[in-house]
Amino acid sequence: MEIPHIPRREFLQKISAGAAFLTALSSIQSTYADQLFALDSNSDEPGTFASLRSQYLLSPDVTYFNHGSIGTIPKIVHEAHTEYLRLCESNPWYYMWSEPWEEARAKTREKVAAFLGVNASEIAFTHNTTEGFNLLANGLPLGKGDEVLFSTLNHSGASKCWFHYATSRGFSVKQFEFPIREVAGLSQADIVEIYARQISENTRVLVLPHIDNLVGLRHPVKELAAMARSKGVEFVAVDGAQSVGMISVNIAGLGVDFYAMSPHKWLQSPKGTGLLYIRKSVQSQLRPMWVTWGQKTWEGTVRIFEDYGTRNLAEVLTLGNAIDFQQQLGIEKTEQRRKTLWRHFANAVEAAPNIAWQSPKNWELGASLFSIEVNGQSSKEIFRKLFPKHGFVFRAFDNPGWKTMRISPNIYNTESEIDRFVKLLES
């Protein structure tokens, strides 16, 4: 094969562009590191977290209790994202195809993997949790006689795809009714038993949320995975959209095959960033959903499961900055802060005779996402009254038999906001 000749001037121009790019990229990361270092996270006082409100772009007349739907992004993470985008547009060709971006992307993958306690070769960059589950429903070796099992606590993003592909691929789907009204009194052993009763000899895939999006039930994933294996289940897939960034997660210790995530919620990364953990030993059994120019190049690696025809790499790199932000605050500190807010909310609701708590009552099975119900009131009607006048944002469910308000506060929310909200509900 004849090697194309590159004129010396063109070669030098490319080298120069690469050096300038690396310098600019290093400058963005250095500036971010300086801003992060200046962030005061040395105090455990609640006021320290409340003062973080100024670190976000939220409108001052909004009280945001809806991180379970879509998260907020810190200013300095947003600024890093903006600078990456600005750099990209300075030379789009270099942005999309150059080796420096390859290196930066690889470092981000390593940072994500370390944060989750797994190997970088097991982390795929997706756009959200739904994409991850579509990849599984389309690509796992399933056919006639195979069953996929999950409960009604599953989010639609982790459920609808299985029904869709079952029609064309021949496997069956079993969705069972989870006793949602009983969650307050359940133990870990109860939850494991509920799932165990539903597993049959045909069940090859068990799908479950780490923390569900309705009542915030924290599933004992490790125990559920072990039980499923003992009953012959081949694949265990977890929806981690509501867990990563909210609580400390070490995926390697859970014993699961797949763990899909939406970092734009609790990890507070740019919208459009997703992650999928695929255990190394099962990657060869999964068929890619995206087929791009690089399939041969990336054969045998996790990259074959990613859509990299044309990808917004600025978003991907900023995911690393979002992780830096969370680690600077301290994962244990932020989880403790969410537990404090959860407890304050639970106590306030307990003291209000016309408001019912519809979620787990102990933190080990609970989360900073929970449901409450005002007796005889439509949650959507309450939202229509409270948001325009008082700026409260939460998720209003109005399903048959489930007309609750889902509340999902984050670390910068305050006890005074909670008290004001509950007082308004009482009135």
Side-chain angles (χ1 to χ4, degrees), residues 32 36 39 41 49-50 52-60 62-82 84 108 111-112 115-116 125-132 155 157-158 209-214 216 218 239-249 259-276 312 314-331 333-335 337-339 341-342 345 367-370 387 391-396 405-414 417:
Y32 181 79
L36 202 57
L39 195 63
S41 61
F49 288 107
L52 281 174
R53 172 62 185 252
S54 65
Q55 297 291 331
Y56 292 83
L57 298 166
L58 276 173
S59 171
V62 166
T63 301
Y64 200 70
F65 286 157
N66 197 21
H67 296 85
S69 288
I70 194 79
T72 50
I73 186 169
K75 287 180 181 178
I76 61 172
V77 176
H78 173 72
E79 288 166 5
H81 185 202
T82 301
Y84 291 138
T108 301
K111 184 176 292 186
V112 169
F115 183 75
L116 297 171
F125 291 125
T126 61
H127 295 87
N128 49 45
T129 301
T130 299
E131 181 180 312
H155 188 278
H210 196 158
I211 296 172
D212 81 274
N213 78 306
L214 291 175
R218 192 187 310 199
D239 177 350
Q242 300 294 354
S243 51
V244 172
M246 184 208 286
I247 61 174
S248 179
V249 175
Y259 195 102
M261 296 153 270
S262 293
H264 62 256
K265 294 179 185 285
W266 297 94
L267 203 53
Q268 301 179 320
S269 69
K271 284 68 177 168
T273 51
L275 295 167
L276 177 64
N312 188 338
E315 289 177 348
V316 175
L317 262 62
T318 310
L319 180 54
N321 296 106
I323 289 175
D324 290 338
F325 184 87
Q326 298 300 325
Q327 290 183 316
Q328 176 69 12
L329 294 177
I331 303 303
K333 285 184 180 180
T334 55
E335 184 172 347
R337 175 58 181 162
R338 294 187 188 97
K339 179 181 178 181
L341 293 173
W342 169 86
F345 227 122
S368 191
L369 181 152
F370 43 88
F387 174 63
F392 283 102
V393 179
F394 54 90
R395 175 70 188 274
M405 290 173 283
R406 190 193 68 192
I407 313 298
S408 47
N410 212 341
I411 53 175
Y412 56 77
N413 289 119
T414 66
E417 289 175 338

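Small disclaimer: the values here were computed from a predicted structure and weren't measured.
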Using 0.5 Å steps for rounding, measure from the [atom1] atom of [X] to the [atom2] atom of [Y].
| X | Y | atom1 | atom2 | value |
| --- | --- | --- | --- | --- |
| R53 | N410 | CZ | CG | 11.5 Å |
| Q326 | S269 | CD | OG | 9.5 Å |
| K75 | H78 | NZ | NE2 | 10.5 Å |
| F325 | I73 | CZ | CD1 | 10.0 Å |
| E79 | L57 | CD | CG | 8.0 Å |
| T126 | L275 | OG1 | CG | 6.0 Å |

Side chain to side chain, [X] and [Y], heavy atoms closer than 4.5 Å:
| X | Y | result |
| --- | --- | --- |
| Y64 | I70 | yes |
| L319 | L267 | yes |
| Q242 | P209 | no |
| Y259 | H210 | yes |
| T414 | F49 | no |
| F387 | V393 | yes |
| R338 | W266 | yes |

Using modelled atom types and a 3.5 Å cut-off, is there a donor and acceptor pairing between side-chain atoms of [X] and backbone atoms of [Y]?
| X | Y | result |
| --- | --- | --- |
| K271 | G71 | yes |
| T129 | S262 | yes |
| S408 | H67 | yes |

Handout entry: Residues Y56 and Q268: side-chain donor-acceptor under 3.5 angstrom
Key =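 There is such a pair (donor and acceptor under 3.5 Å, judged by atom type) between the side chains of Y56 and Q268.
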Closest heavy-atom pair and its distance - [X], [Y]:
| X | Y | answer |
| --- | --- | --- |
| S69 | R406 | OG-NH2, 2.8 Å |
| A367 | M246 | CB-SD, 3.6 Å |
| Y32 | A322 | OH-N, 4.4 Å |
| T108 | V316 | CG2-O, 3.2 Å |
| H127 | E131 | ND1-OE1, 2.6 Å |
| G157 | T130 | CA-OG1, 3.5 Å |

Exercise for the section: Under the side chain to side chain contact (heavy atoms under 4.5 Å, CB included) rule, collect the residues that match up with H81, sequence neighbours excluded. Expected result: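 For H81, the residues satisfying side chain to side chain contact (heavy atoms under 4.5 Å, CB included) (neighbours in sequence not counted) are L85, P270, A314, E315, T318.
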Practice task
With side chain to side chain donor-acceptor pair (under 3.5 Å) as the test, would you mind laying out the steps for S368 and R337 before giving the verdict?
Solution key: CA-CA 10 Å; S368 191; R337 175 58 181 162; over 6 Å; no
Exercise for the section: Test side-chain contact (heavy atoms from CB on, under 4.5 Å) on N213 and D239 and set out the steps. Expected result: CA-CA 10 Å; N213 78 306; D239 177 350; over 6 Å; no
Exercise for the section: Give me the ring orientation class for F345 and F65: parallel if the planes are under 30° apart, tilted from 30 to 60°, perpendicular past 60°. Expected result: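 Perpendicular, since the angle between the ring planes exceeds 60°.
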